[in-house]
Amino acid sequence: MTKVSEMVSRHAKISIFLLFAVLSVAAVGVYMVKGQILSINSNDLTFHLNRIETFRQAIVDGHGFAFRNFETFNKIGNAINFFYPYAYMYLWAGIYVLVPGPVTAFYLGELLLVFATLYVAYYSARTIKISRTFAVVFAILWGFGTYRTHLALNIYVLGEALAYAFIPLALAGAYKLYFDNQRRWVLLGLGMALVTYAHLLSTLLVGGVIFVMAVFSLVIRFDWQKVINTFKAIGLYLTLTLYFFVPFVYEMKQTSIMATIKTEHVIFLKSLTSVIENSISNGITFDGWMDVSLGLTVMISMALYFVWFKKLNMKERLTGGFSILLMVFSTSIFPWYGLPGSLANVIQFPYRLYGLTTLFAFIWLVMYLDRTVQVSRVRKMTVGALFMFVLLISFGGQVISTYDAARKNPAVVTDEKGQVTYNVVTNDTYYDFLQKKTDYTGRADYAPINAVDHDYRNTQGIIDHQALVRSGAG
C-alpha cells in the first residue's frame, strides 16, 4: 500500500468514526434533550435500571462488585447477577458514578450502545469483504433497524439490545471459518463471548444459527481443519465466559429459581399477515402506540429479494431466503403451540427471531448492491442515501410515536391499590421510580421457587417482604 493510499484509508476511517459518532449523538439526543426517560410499559426499564443501581452502589461504597444487593429491587435481596449476564451493566454503572444526573448517565450509556452497534456492524461487514461504502450502509440499516431501536430506546429490553451490538461479529467469524476457508476461529469465539456478556437467550439463538452454518458447510465439503478450529473457538469462548458460568452453574445447583414468566405456550404470537402489515407501518398502531415489528426497511428488502431473485448469486439467495424463513418461523405458521412447555418458556416470544431476521435481510441486500453497483462512487452514494432516507423515516416514526405515547399519559399514575406507575422519569423521580412497589412481570425473576406460590405469579408477597408459610411445614 502506497503512502497516498494509506492516507486515504486513514482519512476514510476517521470520517466513518466521526459519522457514527454524530449519528449516535443525533439518535439518542432526540430522546435525551427533554431530560427525561420516557418509560411507557416500563417493566424492563425498571428491571435493568435496578441492575445498574446495584453496581453503582457497590462501586460508590468501595465494594467494587456485588452479586447480591439488599437495597435495589425494593430491598428483597435480589441475587440476579448470578443468573443474568452483567458485564455491560457494570460498565454502565461506571458512567453513573462519573456523570452527575442519572437520566444523563442513562442516555450516555445508550449513546455508547448505539455507537458500538454501528461500528461493530461496520467492522463485521468489512470482515466479510463488503466495500467500505456498503459496510457503512449495512451498519446504519442494522444500527437503526426498527426492531433494535424499539428494544433499545422504546421498551428498554437492554439485555437483548446489548447482545445485538455483537451478533454481527459472531456471525462474521462463523462465515469466515465455514465459508471463506480462513482460520478466523478467534473472531467466532470472541464474538460469541461478547454476545453472552449481554444475553443468554440471544446466545442460544445465534449459536443455533452458527450450528446450521457449520453443518451446511461440512456437508458440502468436510474439512477436519474446520472441525478443529470449531473446537478452538469453543475453547476460547468458554475461557472468556467461565467467570460467569462457574457461579451460575453452582448457584443453579444450590437453589431452584424462578427464571422467567411461566406460560403454557409462547405469547404474542402473530399470523404472517399481521407481521407483514405491522412491519409496513413500523409497528405504529392507529392509536399512536408502538408494537414490536420488523419495520418497513426489512419489508423493502424482502420485496427486493423477490424482484431481483434471478440476478442473485447463490450466497445472496441463501442469505435472503434464510431471512424470510426466520420471519415465517416467527409467525403462527410454525407450530409453536406444539413445543414442550419448558422450551416455550425459554423462548417466550416468537418475535425474538426478528433480530436475526433483520440482520440476514440487510446483509444479503448489501452483498448484492456491493456486487452490482460498481459503476461509480456517486452511484454507490446515491443508492446508500436512498436506503438511509427510508431508514430515517422509519426511525423518525418511532421517535414521534414514543413522544406521542408519553404525551397522552400523565407522568405519574397511582391506582386504587396505591401502586405507582411512572410514565416519565426525571432526575427528581429517578430513585423513587426504582423503589416503586409494583407486582410487574419480572420483579421477582430469579427468586427461589420455594419463596413463591406454585403458579409463579403471586410475587406480591416477596415485594411486601412477607414470608410464605406452606401447609405441612414443621
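These numbers come from the heavy atoms of this one structure, side chains and all, not from hydrogens, waters or symmetry mates.
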Output all residues satisfying side chain to side chain contact (heavy atoms under 4.5 Å, CB included) with Ala174, sequence neighbours left out; order by chain, then residue number.
-> Tyr178, Leu188, Ile210, Met213
Exercise: identify the closest heavy-atom pair between Ala361 and Val298 | CB-CG1, 4.0 Å
Using distance alone, with no hydrogens and no angle criterion, decide if Ser271 and Ser274 have a side-chain donor and acceptor under 3.5 Å apart.
-> yes
What class does the angle between the rings of Tyr122 and Tyr119 fall in, given that below 30° is parallel, 30 to 60° is tilted and above 60° is perpendicular?
-> tilted
Determine, stepwise, if the pair Trp185 / Ile228 fulfils side chain to side chain contact (heavy atoms under 4.5 Å, CB included).
-> CA-CA 10 Å; Trp185 58 268; Ile228 293 170; over 6 Å; no
For the residue pair Tyr430 and Glu53, confirm or rule out a side-chain donor-acceptor distance under 3.5 Å.
-> no
Do Ser293 and Ser279 have a side chain donor and acceptor closer than 3.5 Å?
-> no
Give the ring-plane orientation class for Tyr351 versus Tyr354, where under 30° counts as parallel, over 60° as perpendicular and anything between as tilted.
-> tilted
About how many Å separate CZ of Arg352 and CG of Leu205, when rounded to the nearest 0.5 Å?
-> 8.0 Å
Any sub-3.5 Å donor-acceptor pair from Thr241's side-chain atoms to Ala193's backbone N or O?
-> no
Rounded to the nearest 0.5 Å, how far does CE of Met327 lie from CG of Leu325?
-> 9.5 Å
Rounded to the nearest 0.5 Å, how far does OH of Tyr237 lie from CG of Leu194?
-> 10.5 Å
Go through Leu113 and Arg148 one step at a time and tell me if the side chain to side chain contact (heavy atoms under 4.5 Å, CB included) criterion holds.
-> CA-CA 11 Å; Leu113 172 57; Arg148 199 213 71 83; 4.3 Å; yes
Using the six-membered ring wherever Trp is involved, compare the ring planes of Tyr164 and Trp142 and label them parallel, tilted or perpendicular (cut-offs 30° and 60°).
-> tilted
Determine whether the aromatic ring centres of Tyr197 and Tyr243 lie less than 6.0 Å apart.
-> yes
Test item: Phe55 and Tyr86 side chains (from C-beta on) under 4.5 Å apart, heavy atoms | yes
Measure the acute angle between the ring planes of Phe216 and Phe179, then classify it against the limits of 30° and 60° as parallel, tilted or perpendicular.
-> tilted
Taking the side chain from Arg126 and the backbone from Ala135, do they hold a donor-acceptor pair closer than 3.5 Å?
-> no
What are the two closest heavy atoms between Leu326 and Phe360, and how far apart are they?
-> CD1-CD1, 4.0 Å
Find the distance between CD1 (Ile95) and OG1 (Thr104) and round it off to the nearest 0.5 Å.
-> 11.5 Å
Interatomic distance, CG@Leu118 vs OG@Ser24, rounded to 0.5 Å, equals 5.0 Å
Close side-chain approach of Ile167 to Leu356, heavy-atom, < 4.5 Å = yes
Have Trp364 and Ser301 got a donor and an acceptor in their side chains that come within less than 3.5 Å?
-> yes
Judged by atom type as modelled, is there a donor-acceptor pair below 3.5 Å linking the side chain of Tyr156 to the main-chain atoms of Leu49?
-> no
Using the benzene-type ring in the case of Trp, are the ring centres of Phe329 and Phe334 under 6.0 Å apart?
-> yes
Side chains of Thr319 and Phe362: closer than 4.5 Å at any heavy-atom pair?
-> no
4.5 Å side-chain heavy-atom contact, Met192 and Leu240 | no
Taking all non-hydrogen atoms of both residues into account, name the closest pair between Pro102 and Asn427 and its distance.
-> CD-OD1, 3.1 Å
Could you tell me whether a side-chain N or O of Asp370 sits under 3.5 Å from a main-chain N or O of Ile130, the two making a donor and an acceptor?
-> no
Heavy-atom count around Phe245 CZ within 6.0 Å, excluding the residue itself: above 12?
-> yes
May I ask you to test the Leu236-Lys232 pair for a side-chain heavy-atom distance under 4.5 Å?
-> no
Answer yes or no: is there a donor N or O on one side and an acceptor on the other, between the side chain of Thr331 and the main chain of Val328, under 3.5 Å?
-> yes
With a 3.5 Å cut-off and no angle check, do the side chains of Asn154 and Tyr31 form a donor-acceptor pair?
-> yes
Between Val120 and Ser124, which heavy-atom pair has the shortest distance, and what is it?
-> O-OG, 2.7 Å
Backbone of His199 reached by a side-chain donor or acceptor of Ser202 within 3.5 Å = no
Please report the closest heavy-atom contact between Ala125 and Phe138, naming both atoms and the distance.
-> CB-CD2, 3.9 Å
Could you walk me through whether Leu158 and Met89 pass the side chain to side chain contact (heavy atoms under 4.5 Å, CB included) test, one step at a time?
-> CA-CA 9 Å; Leu158 299 181; Met89 291 298 166; 3.9 Å; yes
Pairs involving residues 161-176, ordered by first then second residue, that meet salt bridge (charged side-chain N to carboxylate O under 4.0 Å, His left out) (sequence neighbours left out) = Lys176-Asp180
Side-chain contact, heavy-atom cut-off 4.5 Å: Lys270 with Ser332?
-> no
Please tell me if the side chains of Tyr305 and Leu312 come closer than 4.5 Å, counting only heavy atoms from C-beta onward.
-> yes
Could you walk me through whether Tyr147 and Glu160 pass the side chain to side chain contact (heavy atoms under 4.5 Å, CB included) check?
-> CA-CA 11 Å; Tyr147 180 62; Glu160 201 171 345; 2.8 Å; yes
For this output row, return yes or no: ring centroids of Trp92 and Phe106 closer than 6.0 angstrom.
-> yes
One should read off an interatomic distance between Met302 CE and Ile276 CD1, to the nearest 0.5 angstrom, of 8.5 Å
Indicate whether any N or O donor in one side chain lies under 3.5 Å from an N or O acceptor in the other, for Tyr175 and Lys315.
-> yes
Between Glu316 and Lys311, does at least one N-O distance fall below 4.0 Å, as a salt bridge requires?
-> no
Could you tell me whether Phe231 atom CZ has more than 12 heavy atoms of other residues or ligands within 6.0 Å of it?
-> no
Side chains of Phe322 and Leu318 in contact at under 4.5 Å (non-hydrogen atoms) = no
